[in-house]
Chemist: 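This is the structure I want to talk about, given as C-alpha cells.
Atoms within a ligand are numbered from 1 in the order they appear, just like the ligands themselves.
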Amino acid sequence: MLADPPRPRVLIVDDDDMTRLLATETLEGAGFEVFEAADGAAGVAAHAELTPDLMLLDVNMPGLDGYGVCAQVRARPEGSATPILVMTALDDVDAVERAFAAGATDFLTKPLNLPLLAHRVRYLLRAAQAFHDEREQAQVLARVQRLARLAHWRVDVAGFAWACDVGAVLWPEVAASVPAPRSLLALVHPDDRDMVATALTTTAPHQLDYRMVLPDGSERLVRQDAEVIDDAGRPVLIGATQDVTEQRAAERRIAQLAFFDDLTGLPSRAFLHRFLRRVLLDARAGGTPVTLISIGIALGAVPGTVSPTDRDELRRAIAARVVEHVRGADLDLRLDQPVGDPDAWAGGALLARPGSDELVLVLRDARAVDPEPVATRIAAALAVGYRIGDHELFVTSPLGIATSDDSGDDPRTLIEHARAASHQARVAALPVHRFSADVLRAARRSAEFERRVRTAVAHLADPTRVPEFTLYYQPKVERGSGRTVGVEALMRWFPADGPPISPGDFIPVAERSNAISQLGDWLLHQACAQGAAWVQAGTPIHVAVNVSPRQLRSVGFVERVVAIAAAAGFDLGLLEIEITEHATVDDFDQAAAVLHALRARGARIVLDDFGVGQSSLAYVARLPVDVIKIDRTFVAGLGRDPVSGAIVSAVMAMAEALDITVVVEGVETAQQVRMLGRYPACEIQGYYCARPAPPADLAPFLTGSFAWNVDDDGGPIEIAVDDVPGEVVLAS
Ligand code: C2E
Ligand code: CA
Ligand code: CA
C-alpha cells in the first residue's frame with residue numbers, strides 16, 4: 001500500500017476560540033493538519049517554528065494584530081512565500097487594503113462560510129505551488145543563462161529591449177560597470193555596428209558573430225541567433241546573444257594543438273592533409289600541378305649517447321635550417337608559414353612536419369619553381385654539421401620529390417610517392433631522388449625487405465623458434481708457415497621461407513632499421529661460444545667479428561662485449577673486432593674511445609677494407625689498430641696492374657714499421673699467393689684457402705697446416721698460372 005501523501009499544514013491565528021474551533025474541525029475533516037495560535041505573538045512564533053503551508057490570520061486581535069503578524073512573517077525568508085489568508089469583518093474594505101499592503105495573499109470575511117473554507121484553502125495552496133514552481137523555473141533559467149552567458153532580447157514596435165539583466169548574464173565579472181543599456185548597439189564594436197544594426201532592423205532570422213566593447217574597454221566576442229515569432233498578428237524579432245570569447249579562445253588553442261607541431265611550431269600532419277586536399281582540388285580545377293618534397297631525417301647515425309632532449313633539439317635545428325634556407329633569397333620561392341586554419345591559408349609554399357622524422361615542403365604551383373635545384377640545395381644545407389650541446393652531429397636527410405602530375409590528386413598518394421622517392425634516395429645514398437613508377441616498386445620492395453629483416457631478427461629472442469641466422473667462419477692462414485692463425489665470423493641468413501640472403505644485402509638494412517644491435521649482440525654471443533668451444537677442444541684461435549658503425553656507437557657497447565664474452569667463457573684476448581672507417585666518420589673521438597676501451601680489455605682491433613676509404617693512413621695513425629686488412633680490390637689487381645702491387649708493398653712496409661699485422665683479403669689465385677711470398681708474416685684470407693663454412697668444416701685448418709701448392713722460388717712471375725688451389729696437410 002502506498003503511504004498517504006503528507007497532509008498540508010495550516011496554521012490558524014485567531015483570538016476567538018469559537019472561530020478556531022470551527023475552522024480546525026472543518027479543515028481537519030477536509031484532510032489538513034491544523035495548528036492553532038491564540039494571539040499575534042504566538043502566531044509569529046508558531047510560523048517560525050512550523051513553517052506551515054498556509055496561514056489563516058485574523059486581523060483584529062489584541063496586542064500584535066493581523067497586519068503586524070503579516071508584516072513580521074513576510075520579513076523573514078521562510079515566510080516570504082507562505083500564502084496568508086486574512087479574515088476581516090464583512091464590508092471592511094479598508095481592512096482588506098491594509099492587509100494586502102502588509103503582504104496578505106487573499107482574504108475571507110467573517111463569519112466564516114465553513115462549507116467553502118476548505119475549497120478556498122485548497123485553491124490558494126495550488127496557486128501558491130504554481131507560483132513557487134514558476135519562480136523556481138525562472139531562477140533556474142536565469143542561472144543557466146548566466147552560466148551559458150546567454151542573454152535574450154526582443155525587438156518589437158517599442159524597439160529593442162533586453163529580456164534580462166544583460167550585464168549580470170554576460171559579464172558578471174564587470175557587471176557593476178555595465179549599466180545594462182537598453183540598446184544592444186551601444187555596446188557593439190564600432191566596426192561591427194552597421195552589420196548588427198541592419199540585422200536588428202530587418203524582420204528576418206539571423207546568425208551573427210561580432211565584437212562588443214565593455215565600459216572598461218575590454219573586447220568580447222559574441223554569437224547572436226535571432227528568429228521571428230508572431231505576437232498577436234505582429235512579427236517580433238527575438239534573439240539570444242552569447243558571450244563566446246572563452247569558447248573561441250579554447251577552439252583556437254585546440255586548433256593550434258591539432259594543426260601545429262609542438263616541437264617546431266610547424267604545421268602538423270592534420271594541417272598538411274587538410275591543406276593538400278584543398279590545393280589538390282584547386283590544382284585539378286586550374287591545371288597547375290603541385291609539388292611535394294619529402295625530407296626524411298635519418299637520425300640513425302646519431303650516437304646513442306645523445307639524449308632524447310638533444311635529439312629533439314636537433315630536430316628543431318633541422319626544421320629551422322630548412323625554414324631559413326627556403327626563405328633565403330637564393331631560392332625563387334616565398335615561404336610564409338601559416339597560422340590558424342588550413343582551410344583559409346593561401347600561401348604558395350608550405351613546410352610541415354607530419355611525422356617526428358619527416359618534413360614536407362609543398363610547392364603549390366609546380367610550374368613556378370623547379371623543385372630539383374631547390375631540393376638539392378636543401379640537402380646540401382642539411383648536410384652541414386649541427387652543434388647540439390657538446391656534440392657535433394651529422395644527419396642524412398634524403399629528399400624525395402613527387403608532383404601531382406604523376407601522383408594524382410589524392411594527398412595520401414602524393415605523400416606516399418614523395419616518401420618512396422626519399423626512401424630510394426636513402427637506399428641509393430643520393431641526396432635527392434624524383435618519384436617514378438620504378439621508385440615506387442623499389443621502395444615497396446625494400447620496405448617489405450626491411451620488414452622481413454626486422455621480423456627475423458626479432459625472432460632471435462624467441463627460444464621456440466629456430467634462428468634463421470648463423471655464422472660461417474673463414475680461416476686466415478699465415479703465408480710463411482701455412483698455419484691457421486684466426487678465423488673471421490661471417491653472418492649467414494637462411495630464411496625459413498626462401499633462398500639464402502647475402503650479408504651484403506641484409507646488413508645495411510639491419511643497420512638502417514636499428515635491428516643491427518640485437519642481431520650484432522646475438523652473433524657476438526655465437527662467435528664467443530664457438531671460440532670457447534675451440535679453446536676447449538685444444539685448438540685456441542683468434543675469432544674476428546665484424547662490428548657495424550651503429551653497434552660501435554650504441555650505449556654501453558664495451559660493457560656488453562665484456563659481458564657477452566664472459567657469459568660464453570671466451571677469453572677477450574682471442575677476440576678481434578673488425579671495423580671499417582665508416583665506424584668513425586660521425587664521431588671520431590667517441591669511436592676512438594670505444595676502441596681504446598676494448599683494447600684495454602685485451603681485444604684486438606682490426607681495420608677492415610683498408611685502402612678504399614679517404615684517409616686510411618690517418619686512421620691507422622690515430623686509432624688503436626692491431627691488424628689491417630688490405631681490401632680485396634687491391635688483391636684482385638695484384639700481378640695485373642702495377643698500382644695495386646705498389647699499394648700492397650707500401651702497406652706492407654708501413655705495417656712492418658708500425659708493428660701492425662696485415663691480412664690480405666680475397667685471395668683467390670695461386671698467382672696472388674705467389675706474389676705474397678715476399679711477406680711471410682702476412683695472413684691470407686680468401687677462397688684460395690677456403691670459403692666461409694660452418695665450424696665443423698674448419699677442423700682440418702685448426703689441426704693441420706696449409707700447403708700453398710705454389711712454386712716459392714721467388715723467380716719471375718708468370719702471368720698465366722694454373723689456379724690449382726692449395727690444400728691442408730694434416731700435421732704428422
Ligand atoms: P667483409 O667484412 O669485407 O667480409 C669479407 C667478405 O669477402 C665476405 O663476404 C667473404 O665471404 C668474402 N670473401 C672471402 N674470401 C673471398 C674471396 O676469395 N673472393 C671473394 N670474391 N670474396 C671473398 P660476405 O660473407 O658476403 O660478407 C659481406 C660483408 O657483409 C662483409 O664484408 C661485412 O661487411 C658484412 N658482414 C658479414 N658478416 C657480418 C657480421 O656478422 N656483422 C657485420 N656487422 N657485418 C657483416
Ligand atoms: Ca670483415
Ligand atoms: Ca673486408
Side-chain angles (χ1 to χ4, degrees), residues 300 453 456-457 460 467-477 484 486-494 500-528 530-531 542-554 557 561 564 575-583 604-613 616 625-638 651 662-673 676 683-694 697-698 701 706 723 725-726:
V453 173
V457 171
L460 290 175
E468 293 185 354
F469 297 95
T470 186
L471 285 177
Y472 275 19
Y473 297 87
Q474 189 177 30
K476 304 187 211 177
V477 182
T484 297
V487 292
E488 178 179 7
L490 291 160
M491 204 168 344
R492 294 292 174 262
W493 182 16
F494 300 105
I501 295 169
S502 149
D505 292 334
F506 70 81
I507 297 285
V509 174
E511 180 73 355
R512 272 208 304 277
S513 66
N514 231 347
I516 195 72
S517 293
Q518 198 191 341
L519 185 58
D521 284 1
W522 184 82
L523 75 54
L524 183 63
H525 180 81
Q526 304 294 307
C528 287
Q530 182 57 55
H542 277 105
V543 177
V545 293
N546 293 282
V547 170
S548 77
R550 195 148 180 173
Q551 276 176 280
L552 196 70
R553 273 195 308 266
S554 63
F557 178 67
V561 172
I564 289 171
L575 186 68
E576 291 179 341
I577 302 288
E578 289 201 11
I579 56 145
T580 64
E581 288 171 25
H582 300 300
R604 297 213 297 178
I605 308 300
V606 181
L607 191 57
D608 205 351
D609 302 346
F610 185 82
V612 286
S616 303
V625 174
D626 301 290
V627 181
I628 51 184
K629 288 180 103 166
I630 301 183
D631 191 70
R632 279 213 294 279
T633 47
F634 304 113
V635 179
L638 266 190
V651 171
V662 176
V663 176
V664 186
E665 198 173 30
V667 174
E668 295 180 351
T669 67
Q671 182 193 2
Q672 291 160 347
V673 172
L676 292 166
E683 297 169 13
I684 289 179
Q685 180 184 351
Y687 294 170
Y688 187 82
C689 303
R691 291 190 176 249
D697 295 5
L698 262 74
F701 284 91
F706 196 80
D723 275 342

Chemist: So, Glu578 and Arg604, do they make that salt bridge, N to O below 4.0 Å?
Modeler: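 Answer for the salt bridge query: no.
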Chemist: Can you sort out which atoms of ligand 1 are near Gln474, meaning under 4.0 Å from one of its heavy atoms?
Modeler: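 So the answer, numbered in order with elements, is 14 (C), 15 (N).
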Chemist: Pick, from Asp609, Asp608, Asp631, the option with the minimum heavy-atom distance to atom 2 (O) of ligand 1.
Modeler: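 The nearest heavy atom belongs to Asp608.
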Chemist: Among all protein heavy atoms, pick the one closest to atom 40 (C) of ligand 1 and tell me residue, atom and distance.
Modeler: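 Answer, as residue, atom name and distance: Met491 CE, 3.5 Å.
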Chemist: Mind checking the CD-CG spacing from Glu576 to Asn546? Nearest 0.5 Å is all I need.
Modeler: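 Between atom CD of Glu576 and atom CG of Asn546 there are 11.0 Å.
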Chemist: Is atom 29 (C) of ligand 1 less than 4.0 angstrom from at least one protein heavy atom?
Modeler: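 Within 4.0 Å: no protein heavy atom nearby.
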Chemist: Of the backbone atoms (N, CA, C, O) and the side-chain heavy atoms from C-beta on, which set of Leu490 has a member under 4.0 Å from an atom of ligand 1: side chain, backbone, both, or neither?
Modeler: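 The answer is both.
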Chemist: I'd like the name of whichever of Glu668, Glu665, Gln685 reaches closest to atom 19 (N) of ligand 1 through any heavy atom.
Modeler: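 Ranked by closest heavy atom to atom 19 (N) of ligand 1, first place is Glu668.
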Chemist: Working to the nearest 0.5 Å, report the span between CG of Leu552 and CD1 of Ile516.
Modeler: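 So the CG of Leu552 and the CD1 of Ile516 are separated by 12.0 Å.
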Chemist: According to ring-ring contact (aromatic ring centres under 6.0 Å, His included), who are the partners of Tyr473, at least two apart in sequence or on a separate chain?
Modeler: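 Counting only residues at least two positions away or on another chain, Tyr473 forms a ring-ring contact (aromatic ring centres under 6.0 Å, His included) with Trp534.
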Chemist: For ligand 1, is there an atom lying under 4.0 Å from some heavy atom of Arg492?
Modeler: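 So Arg492 counts as touching ligand 1.
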Chemist: Which residue owns the protein heavy atom closest to atom 16 (C) of ligand 1, what's the atom, and how far is it?
Modeler: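 Checked against all protein heavy atoms, atom 16 (C) of ligand 1 sits closest to Tyr687 CE2, 3.2 Å.
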Chemist: Just jot down the ligand 1 atoms closer than 4.0 angstrom to any heavy atom of Ser548, in number order.
Modeler: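 Counting atoms of ligand 1 from 1, those under 4.0 Å from Ser548 are 44 (N).
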Chemist: Return the set of residues passing side-chain hydrogen bond (donor to acceptor under 3.5 Å, both in side chains) with Glu665 (not counting sequence neighbours), or none when no residue passes.
Modeler: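 Scan of Glu665 (side-chain hydrogen bond (donor to acceptor under 3.5 Å, both in side chains), adjacent residues dropped) gives none.
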Chemist: Testing the basics here: between His525 and Ile564, what is the closest heavy-atom pair and its distance to 0.1 Å?
Modeler: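 Scanning both residues, the minimum pair turns out to be CA-CG2, 3.5 Å.
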Chemist: What heavy-atom pair brings Leu460 and Pro467 nearest, and what distance separates the two atoms?
Modeler: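 Smallest heavy-atom distance, with atoms named: CD2-CB, 3.7 Å.
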Chemist: Looking at ligand 1, does Arg632 have a heavy atom less than 4.0 Å from it?
Modeler: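 Yes; Arg632 lies near enough to ligand 1 that a heavy-atom distance drops under 4.0 Å.
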Chemist: Give, for atom NZ of Lys476 and atom SG of Cys689, the distance between the pair rounded to the nearest 0.5 Å.
Modeler: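 Answer rounded to 0.5 Å: 12.5 Å.
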Chemist: Might you check, step by step, whether the distance between atom 34 (O) of ligand 1 and some protein heavy atom is under 4.0 Å?
Modeler: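 Within 4.0 Å: no protein heavy atom nearby.
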Chemist: Is there a heavy atom in Glu488 that sits closer than 4.0 Å to ligand 1?
Modeler: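 Glu488: in contact with ligand 1 (<4.0 Å).
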Chemist: Please report the C-alpha distance between Ser548 and Glu511 in whole Å, then the side-chain angles of each, then the deciding distance to 0.1 Å, and finally whether the side-chain hydrogen bond (donor to acceptor under 3.5 Å, both in side chains) criterion is met.
Modeler: CA-CA 7 Å; Ser548 77; Glu511 180 73 355; 2.8 Å; yes
Chemist: From Leu471 CG over to Leu523 CG, what is the distance, rounded to the nearest 0.5 angstrom?
Modeler: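 It is 5.0 Å, given to the nearest 0.5 Å.
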Chemist: Take the angle between the ring planes of Phe469 and Trp493 and call it parallel below 30°, perpendicular above 60°, tilted in between.
Modeler: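 Ring orientation of Phe469 relative to Trp493: parallel.
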Chemist: Below the 3.5 angstrom mark, is there an N/O of Asn546, backbone or side chain, next to an N/O of ligand 1?
Modeler: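 The answer is yes, given that Asn546 and ligand 1 share an N or O pair closer than 3.5 Å.
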Chemist: I need the minimum non-hydrogen distance between Gln551 and Ser517, along with the two atoms involved.
Modeler: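 That would be CG-CA, 4.3 Å.
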Chemist: Can you list the protein N, O or S atoms less than 3.0 Å from the Ca ion (ligand 2)?
Modeler: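 Protein N/O/S atoms under 3.0 Å of the Ca ion (ligand 2): Glu488 OE2, Asn546 OD1, Glu578 OE1, Asp608 OD2.
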Chemist: Give the intermediate values and the outcome of salt bridge (Lys or Arg N to Asp or Glu O under 4.0 Å) for residues Glu488 and Arg691.
Modeler: CA-CA 11 Å; Glu488 178 179 7; Arg691 291 190 176 249; over 6 Å; no
Chemist: If you have a sec, work out which protein heavy atom is nearest atom 26 (O) of ligand 1 and how many Å separate them, to one decimal?
Modeler: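 Result: Pro503 CG, 3.4 Å.
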Chemist: Does Leu523 approach ligand 1 within less than 4.0 angstrom via side chain, backbone, both or neither, non-hydrogen atoms only?
Modeler: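 Side chain only.
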Chemist: Could you tell me whether atom 9 (O) of ligand 1 has a protein heavy atom closer than 4.0 Å?
Modeler: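 For atom 9 (O) of ligand 1 the answer is no, since every protein heavy atom stays at 4.0 Å or beyond.
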Chemist: Check ring-ring contact (aromatic ring centres under 6.0 Å, His included) between Phe557 and all other residues, then give those that pass, not counting sequence neighbours.
Modeler: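 Phe557 satisfies ring-ring contact (aromatic ring centres under 6.0 Å, His included) with no residue once adjacent residues are dropped.
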Chemist: Checking a contact table here: which protein heavy atom is nearest atom 11 (O) of ligand 1, and how many Å away?
Modeler: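 Result for atom 11 (O) of ligand 1: Pro692 CG, 3.4 Å.
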